[in-house]
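Reminder, nothing fancy here: chain letters follow the sequence lines and each chain counts from 1.
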Amino acid sequence: MKLLRCLALWVVICLATVAFPATGQHLPVMSQHDSTCLYAMRGWVHVGSPFLSRSDYQMLRGGGTIGEEGINELAAALKDFNIAGAFYDFSYEGLHGRRRKGASGMYYRTLRAGYLSIQEGGFPREAGLLTLYGNAPYQGDTLTLGPLRFRNLQYIHFKPGVMKTQRRGEGNLYMALYAGVNLGLGNLSADVWDAQLYTAPYGEMISLGSKMRLSRSLSNDDHKGGIRGAGVGADLLIAWVGDRGTALALGITDIGFISWSDGYSYKRDTTLIWEGVIIDNIFKPGDSWGDGIQPDTLDKLFTSYGNRGRHATATPTALRVDIALPVTDFPLVLRGTLLHRPQTIMKPLMELSIDYHPSKRLILSRTHTFGGYGNYSTGFAITGRAGKNLWLYLRATDIYRIAAKDSHLNIQMQGGIMYRTQKKLPAP
Amino acid sequence: MKRYPGAILSLLILAAWLSEGCSKWDAPSWDIGVASPLVMTVLDVGDIIPDSLSFTDADNLVYVDFRHPVYSLSQSDLFDMEQSITDLSYNIPFTIMLNPGQAFISTLEETTFSFQDGEIKTIVIDRGTILLTLLNPLQERVVCEYSLPGSLRNGSPLYIKATVPAAAGGQPGTITQVVDISGYTIDMTGGSGFSANRILVQIDTRIDPSGKPVQVTPFDTLKIKASFDELILKEAYGYFGEHLIETGLQSTRLDLFDLVTQGSLSPDTISARIRLRNGAGIDLRVHIRELTARNSRENTSISLTDPFIGVPINVGRASRNPATGVITPTEHTITFNPATTKQMFSIFPDHLDWELDMAVNPLGNISMGNDFISMAHPVEAWFELLMPMRVNINNLTLRQLLDFYYSSSGIHGGTLYLIADNRFPFDATISLILLDEQGVPIDSLQPAGTIAAAMQPATGAPQHTRTILTIPVGPERLDALTRARKIDLEVVMNTVSSGGYVSLRGDDHMKLIISANMQTTISP
């Protein structure tokens with residue numbers, strides 16, 4: 001039964017984790033290319049699942065007992081393979097620039113610091129059914145539980161860097177390099193390539209054949225916070241911003257790794273058979289859902305079979321392309337963003353938007369988002385200028401479908417605040 | 001508001017999202033059906049008869065082969081060697097001044113042992129000690145040399161040297177030495193070499209050479225005591241006398257059916273016997289006065305009334321080749337009547353009560369003093385039983401204590417399944433008693449139905465039969481089920497056809513699994 005609890009925990013994590021991430025939004029910052037100092041705090045959130053409707057999500061999130069009808073509804077929504085995830089990224093960036101005498105561009109010293117969290121899971125339909133109904137309805141059958149994937153990673157990073165601007169054609173070329181340290185807060189990842197669960201007709205035997213790799217940063221009895229690993233990280237960026245608003249930016253961020261100082265790593269390609277033994281002794285249910293994602297259920301596997309000690313995990317590197325194209329003679333700008341993190345199960349995320357500038361202090365955008373942890377969603381963005389040097393912006397997709405219960409969960413929002421200082425710069 | 005419409009709107013929406021996202025997650029719960037194994041055990045032939053007491057033949061039929069010593073003649077039953085060797089007090093009849101190193105007692109004593117009419121000439125000691133105690137009344141240390149000239153080990157006689165402390169405070173100096181004499185051969189023919197029961201003892205004393213001159217008066221008495229202690233003889237030679245050994249009513253534990261707690265068994269055939277083995281050079285005349293099989297648990301017993309009961313049985317002496325020392329024991333076998341033996345063992349006896357008298361050398365010293373005993377060739381009686389396990393059993397009851405743990409929360413109820421794969425040729429019924437952590441019974445489960453015996457095809461090995469018994473678990477039983485930590489499993493087996501015999505094969509077994517199919521609420 002604890003196997004089911006384990007899977008239930010896993011799937012619910014996959015279904016319903018909520019987070020508030022952010023990712024680099026370089027263009028709004030860099031467009032202030034004549035600033036001498038600029039401070040920005042940004043957040044990016046993406047929570048989504050292509051199979052989980054908003055009402056199902058609310059049902060899970062609301063807690064309480066889910067009846068047979070609700071379970072059937074969730075089961076009916078399951079696809080052959082299901083993903084769900086939440087990504088959130090909070091960061092601070094400060095740029096201190098100066099123009100060298102005689103130079104055409106600016107030279108900035110920068111510091112990026114941020115918190116990044118990824119919680120995501122993917123599972124096949126039969127794993128979902130097992131979680132929703134238990135194994136009793138499948139006695140005498142083999143359920144295919146793989147591939148299963150789960151990742152819960154949190155870390156903070158500090159990356160000092162340099163950025164240089166340079167006049168290129170009718171615009172400015174930006175080149176930046178950031179390099180620093182990653183400090184790991186927690187890691188639990190599982191990759192199950194193949195898993196077959198067989199339950200004998202009267203439950204007298206359960207076998208689980210699996211090929212899996214697990215790693216966990218914590219010791220079994222250590223759920224306290226703190227730094228549990230360290231590594232290095234780097235970001236690379238190159239962009240061109242035209243004088244008329246045309247922009248193209250390419251970035252590779254979150255390159256690096258974290259070496260966890262203690263934990264368990266476990267790799268197994270075998271079949272476990274329980275025949276007349278007490279599964280509770282192997283899978284102990286966790287009671288720590290409220291404390292965060294710490295499935296003690298898996299801990300027994302770690303402590304039973306895992307190798308204790310140092311292990312390393314890669315950070316989720318992002319490949320990003322941003323494009324901005326102003327529409328001639330209209331206060332409109334077409335924007336496009338493509339974000340891909342190949343080490344996650346998140347699909348490539350593409351966002352297209354049309355910005356409307358009704359005044360100097362306000363930008364209204366209509367957005368269309370494809371991929372990520374969801375399928376498609378649309379929404380609005382608002383950017384406001386609060387003062388001469390203070391900007392606020394918020395972009396949120398799917399807002400107008402909040403009331404649409406049958407729409408699939410796909411939330412993406414960005415928010416930020418920027419403040420700049422200017423002083424008279426020497427002439428180029 | 002007019003000045004900062006975008007900023008204020010942005011903040012409002014951001015606040016709304018944050019309040020939604022940061023609200024506490026309430027874990028959902030739902031019901032699932034869980035089928036899982038809980039307990040497994042396998043009962044096999046070894047759970048009926050200990051493996052060490054059984055074997056299988058070429059046809060895989062199980063045989064009980066039980067051999068157990070009932071009686072063994074002890075050397076002390078023949079003669080008691082733990083007697084005093086030396087118990088002497090020495091006085092000098094006048095007053096004299098003794099100088100350091102000066103000898104004052106030197107004597108060769110001959111100690112005579114009493115063995116009734118026995119005449120022991122030689123003993124070989126396997127293990128044992130001599131307890132030597134000396135009391136010194138003098139005001140100076142005394143060196144005492146104690147030896148047995150007639151003893152020999154590795155070519156040397158037993159020699160003990162002890163320094164006795166001087167008297168002090170009006171009390172004599174005392175010393176006690178425990179001397180290992182394992183392996184010594186002691187000649188008991190005395191100084192003449194033709195007597196028996198006699199041991200030569202040499203004693204020499206002198207004032208400690210490093211001491212001072214000391215005055216000895218007629219009132220100073222030096223005491224020397226020596227005796228054998230915890231003596232076990234390896235061999236003995238001589239004449240051991242004519243006497244009667246009466247054992248009284250004795251009881252021998254039979255662990256043959258310890259695993260069976262109740263029931264009865266009727267074997268198709270059985271053979272039992274008592275084997276008397278005389279490895280000693282003495283004549284024996286044995287009377288078996290009583291032989292009773294007893295089941296102490298059920299307080300039942302059956303006494304054997306075979307013709308050999310109460311009748312004298314002569315068991316001749318073992319022979320010994322004087323040149324090589326090789327001993328050839330004499331054996332006498334008493335075979336039980338099969339009919340009465342069946343009765344005896346139908347009650348699963350755990351004790352064999354017996355009484356016998358044994359006359360030693362009933363014809364006197366016909367060996368002319370050439371009796372012998374040897375530890376390697378004891379005089380003993382063995383009970384031996386050979387029983388092919390082609391049997392009819394009635395309520396043969398086995399018990400096993402199994403670990404159990406099913407403490408998962410959120411169970412509403414469901415069904416326990418008892419799945420039995422039976423290759424025994426017996427039907428069986430099962431009952432389960434749930435015990436808590438302290439071993440106190442808290443519930444009992446009695447699945448309805450009988451576990452069917454194995455199928456016996458016309459040719460080939462028996463095929464196991466699967467029986468599935470169900471035990472509904474309602475809410476009233478959940479508490480006991482989750483508190484239980486042990487299960488006391490009771491299996492009651494019966495032969496399918498009453499009166500018929502079935503053969504137990506070496507690989508017969510019953511695999512029992514208890515599984516659960518429960519409705520459970522999970523809350524990850």
Side-chain angles (χ1 to χ4, degrees), chain A residues 1-5 8-9 12-13 16 18-20 45 59-68 70-71 131-137 139 199-200 202-206 274-281 285 289-290 361-364 382-387 390 392-394 396 399 413 415, chain B residues 3-14 16-18 20-42 402-411 414-415 417-419 421 468 470 511-524:
Chain A
M1 194 174 85
K2 298 307 175 248
L3 175 66
L4 291 172
R5 284 182 180 275
L9 186 61
V12 170
I13 288 167
V18 172
F20 284 84
V45 177
M59 179 170 65
L60 287 168
R61 186 180 166 79
T65 304
I66 301 175
E68 188 178 346
I71 294 298
T131 300
L132 295 172
Y133 295 113
N135 70 332
Q139 293 173 72
T199 305
Y202 289 88
E204 74 271 24
M205 190 271 278
I206 293 175
W274 296 277
E275 185 182 42
V277 298
I278 302 159
I279 290 183
D280 300 55
N281 290 343
W289 172 258
R361 294 183 179 276
L362 185 65
I363 304 171
L364 299 176
I382 299 170
T383 305
R385 187 170 181 177
L390 181 66
L392 298 171
Y393 71 95
L394 187 140
I399 291 178
M413 63 173 287
Chain B
R3 191 176 175 189
Y4 310 117
I8 292 171
L9 189 56
S10 297
L11 283 174
L12 286 174
I13 296 173
L14 181 63
W17 273 104
L18 285 173
E20 163 72 7
C22 293
S23 62
K24 183 169 172 56
W25 173 274
D26 293 319
S29 62
W30 64 93
D31 291 346
I32 62 171
V34 178
S36 65
L38 300 180
V39 175
M40 182 188 76
T41 188
V42 176
L402 309 172
D403 288 330
F404 184 78
Y405 189 88
Y406 196 60
S407 67
S408 300
S409 58
I411 304 170
T415 305
Y417 293 104
L418 195 148
I419 301 150
D421 292 326
I468 298 168
T470 57
K511 181 169 151 186
L512 287 168
I513 295 178
I514 299 172
S515 67
N517 193 338
M518 294 291 182
Q519 287 300 309
T520 303
T521 298
I522 62 166
S523 181

TODO: Select one option (side chain, backbone, both, neither) describing which atoms of Asp31(B) are under 4.5 Å from chain A's heavy atoms.
DONE: backbone

TODO: Measure distances from Leu402(B) to the heavy atoms of chain A and classify the residue's part below 4.5 Å as side chain, backbone, both or neither.
DONE: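 Neither part; nothing is under 4.5 Å.
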
Between [X] and [Y], what is the shortest heavy-atom contact and its length?
X         : Y         : result
Pro37(B)  : Glu204(A) : CB-O, 3.3 Å
Ala35(B)  : Gly203(A) : CB-CA, 3.9 Å
Tyr202(A) : Ile468(B) : CE1-CD1, 3.0 Å
Ala136(A) : Asn517(B) : CB-OD1, 3.4 Å
Val34(B)  : Asn135(A) : CA-OD1, 3.3 Å

TODO: Could you tell me which portion of Thr65(A) (side chain, backbone, both or neither) has an atom closer than 4.5 angstrom to a non-hydrogen atom of chain B?
DONE: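 Answer is both: backbone and side chain atoms of Thr65(A) are under 4.5 Å from chain B.
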
TODO: Heavy atoms only, distances under 4.5 angstrom: which of Leu390(A), Ile363(A), Ile66(A) has the most pairs with chain B? Name it, please.
DONE: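 Looking at each option in turn, the highest pair count goes to Ile66(A).
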
- [ ] Would you give the length of the straight line joining atom CD1 of Ile522(B) to atom OG1 of Thr131(A), rounded to the nearest 0.5 angstrom?
- [x] 7.0 Å

Task: Distance, nearest 0.5 Å, that separates OG of Ser36(B) from CE of Met205(A) - done: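 The OG atom of Ser36(B) sits 13.5 Å away from the CE atom of Met205(A).
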
